[in-house]
Amino acid sequence: MAAPARARFVHNRSRRRADEDDSDDEDQRRQDASSSSSDDDGGEEEEEEMEVEGSDEEEEEAVADEPAARESPAAAGRGGRKGPITISLKKVCKVCKKTGHEAGFKGAVYIDCPMKPCFLCKMPGHTTLTCPHRVAMEHGVIPAPRRNTNTSLDYVFQSQVKGKISMVKPRFLVPNQLECGNIKFHQRRVTCLEFHPTRNNVLLSGDKKGLLGIWDYVKLHEKITYDSVHSCILNSMKFDTANDGVLYTASSDGTISSTDLDTGIGAPLLNLNPDGWSGPSTWRMIYGMDLNTEKGLLLVADSFGFLYLLDRRSKERIGQPILIHKKGSKVTGLHCNPAQPEVLLSSGNDHFARIWDTRKLDPKSALASLAHGRVVNSGYFSPRSGNKIMTTCQDNRIRVWDYIFGNLESPSREIVHSHDFNRHLTPFKAEWDPKDYSETVAVIGRYISENYNGVALHPIDFIDTSTGKLLAEVMDPDITTISPVNKLHPQDDILATGSSRSIFIWKPKNDVDDPTEERTSQKVKEYVYGSGSRKKPNGKHDNSSDDDSDGGGGKSKKAKKTRFTHTAKGKGKSKA
DNA sequence: AACATATGGAGCC
DNA sequence: TGGCTCCCCTATGT
């Protein structure tokens, strides 16, 4: 529901302002109390710097006669006037190493370094605390003119295709309440999630180690994991809709695997590193994969810019690999147009998203090249008509093209949203709500935190991509980690979230239970499965390296089935 | 409580 | 082009 969520947001925003003031006061007090060594998280050695301060802007000055200070150029600049030399004991900013300010968390509020461009919109002159896109999220849209090309193609589109897009907003329920507990069986961070297309309550999850989990989120004990399908990052999963017992998986180990979900038998479909590891400059990783169900064609892209076509039955490659992004750069994603499966959207590390006709492919044959400010994490056609494109870019902008047959030179909208790249996080990807006939609602996790009741939380945002308005922000006081992986159920009002190693299932809050918010005292139960603790059965630590780049090519692809039973235990984390 | 560490991209030379 | 350094609202284990 838009209205309540909005109200909550405003409320939180005003609370944040109050906190800012608080922390400023705190800052003052602490600095008045002077040389306290309140250096928070170590790292920088020079915790305090003695420095002669010529300017009188500084309030926290102390009188001293430090000989070293007298020799400093700043002192000389004072014209040799004898008298008390003022020096100040100041903190060094961890970000820019300059003095006079500090950056970092003050309680639940993060203070930006004023010397850096805004962490949200990347523009200089302000910080995230004062960024217009943060203060008023609904105005975070950089407008672009609606361009009608007025070509015959556009006319055909307007009359024929546009009618398919429902202009009536469907009932929209935000799955904002944690349904089942904190599911922990992945040993590494979750990298992808997919709902089973036909089997109710079944979710598939992949992690950085390559572990594939298939489990029922209603009957939590019904869980299977496959730990030998892939040897490192599971980047993408696709169901064969012609045979939904088969799952295709793409991995940074350079292989595509097909797994029969009933028998657990896995078969490699493609291995781009048949000769094994011989250094990072030759190791091919697969991030992008999609399936053209009409043609039975598997489309795969590697980390060197090449696209491969694969017949899913014969498992044979069709033609030669085609360079679709800058040579040597990673293709981050592929998506076949849901209405016209031969139309392909690719996104890449070369700051471009490109549209292709897979029937006539050659490196220069892109139907369109969509320029971005930085690496494009993902690009998706809208789920029903396929006539919109939404991309997530590392420049903290979600871009939307409303009409793929129109003028694609610049996006219809750019929505400023915090989803920065961080090497330790799975890249953020804004995804359409597959249930939304109007093709406007998107979901994406948020990087920067907001202060909610003294706790810094990173919500999952529901965005109206036609206006940039924040429809809802989903969060829970017990989830303090960032949630970069989010998947909306194709039919039900359910959201699955991957946050670090945990998985969460959200459902709409029951309308019956009122504003009393009895949820607050209720802690999230943690379901730790047998292998969840990174410890080997013998009690020794799993010291196997996190290195993604070890062999893997020669590994047997026989899927190993493991069953676990869950142990539910209450979690008593106390939050301020 | 203070560490170490996994790790990708940008920007420099 | 390649090799190096920095980035600096991560999460977790020791």
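Protein chains get the first letters and strands the later ones, always in sequence-line order, with residue 1 at the start of each.
A close approach under 4.0 Å does not occur between any side-chain nitrogen or oxygen of A/K94 and OP1 or OP2 of C/dC9. Taking side-chain N and O atoms only, A/S281 has no distance below 4.0 Å to OP1 or OP2 of C/dG2. OP1 or OP2 of C/dG13 has at least one side-chain nitrogen or oxygen of A/R501 nearer than 4.0 Å. Dashed line: the shortest gap from a side-chain N or O of A/K106 to OP1 or OP2 of C/dC9 is not under 4.0 Å.
Comparing C/dT10, B/dG9, C/dC9 by their nearest atom to the side chain of A/I448 picks out C/dC9. Nearest nucleotide to the A/K208 side chain, out of B/dT7, C/dC8, C/dA11: B/dT7. For A/K116, whose side chain is taken as the heavy atoms from C-beta onward, the closest listed nucleotide among B/dT7, C/dC8, C/dC9 is C/dC8. Comparing C/dC9, B/dG8, C/dA11 by their nearest atom to the side chain of A/T481 picks out C/dA11. Side-chain proximity of A/S500 to the nucleotides B/dA6, B/dG8, C/dA11 is greatest for C/dA11.
Closest-nucleotide positions on DNA chain C for A/K326 and A/S499 were compared, and the one nearer the 5' end corresponds to A/K326.
Taking the side chain as every heavy atom from C-beta outward, A/E450 and A/R134 approach each other to under 4.5 Å. When side chains are defined from C-beta on, A/W356 does not count as touching A/I322, because their heavy atoms never get closer than 4.5 Å. Using a 4.5 Å heavy-atom cutoff, the side chains of A/P427 and A/P484 are not in contact.
Spacing between atom CG of A/D420 and atom P of C/dC8 amounts to 9 Å, rounded to whole angstrom units. Rounded to whole Å, the distance from CZ on A/F421 to P on C/dC8 is 13 Å. The nearest whole Å value for the distance from the CG atom in A/N182 to the P atom in C/dA11 is 13 Å. Going from atom CZ of A/R189 over to atom P of C/dT10 covers 14 Å, rounded to whole Å. Rounded to an integer number of Å, the gap from NZ of A/K209 to C1' of B/dT7 is 14 Å. Look at CZ on A/F304: it is 12 Å from P on C/dT1, rounded to the nearest Å. Note: CD1 (A/I479) to C1' (C/dA11) measures 15 Å, nearest angstrom. Per the geometry, CG belonging to A/L120 stands 11 Å off C1' belonging to C/dC9, to the nearest Å.
Residues satisfying the side chain to side chain contact (heavy atoms under 4.5 Å, CB included) test with A/N235, not counting sequence neighbours, are A/I233, A/S252, A/Y287. A search for side chain to side chain contact (heavy atoms under 4.5 Å, CB included) contacts involving A/R399 returns A/H372, A/T391, A/C393, A/D395, A/R397, A/W401, A/P411, A/E414, not counting sequence neighbours.
Both the sub-6.0 Å distance and the 45° axial angle are not jointly satisfied by A/K106 relative to the ring of A/Y110.
Residue A/K327 is classed as having no contact, given no heavy-atom separation below 4.0 Å to the nucleic acid.
Comparing the P positions of B/dA2 and C/dC8 gives a spacing of 23 Å, expressed to the nearest Å. Distance noted for atom C1' between B/dG11 and C/dC9: 23 Å (whole Å).
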Filtered N/O pairs between nucleotides 10-13 of chain B and protein, under 3.5 Å:
unit_1, atom_1, unit_2, atom_2, d
B/dA10, OP1, A/H351, NE2, 3.4

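In this model, a side-chain donor or acceptor of A/H424 finds a partner on the base of B/dA6 within 3.5 Å.
Side-chain polar atoms of A/H458 and A/S483 form no donor-acceptor pair below 3.5 angstrom.
For the pair A/S329 and A/D350, the tightest heavy-atom approach, listed with the atom from each and the gap, is OG-CB, 3.9 Å.
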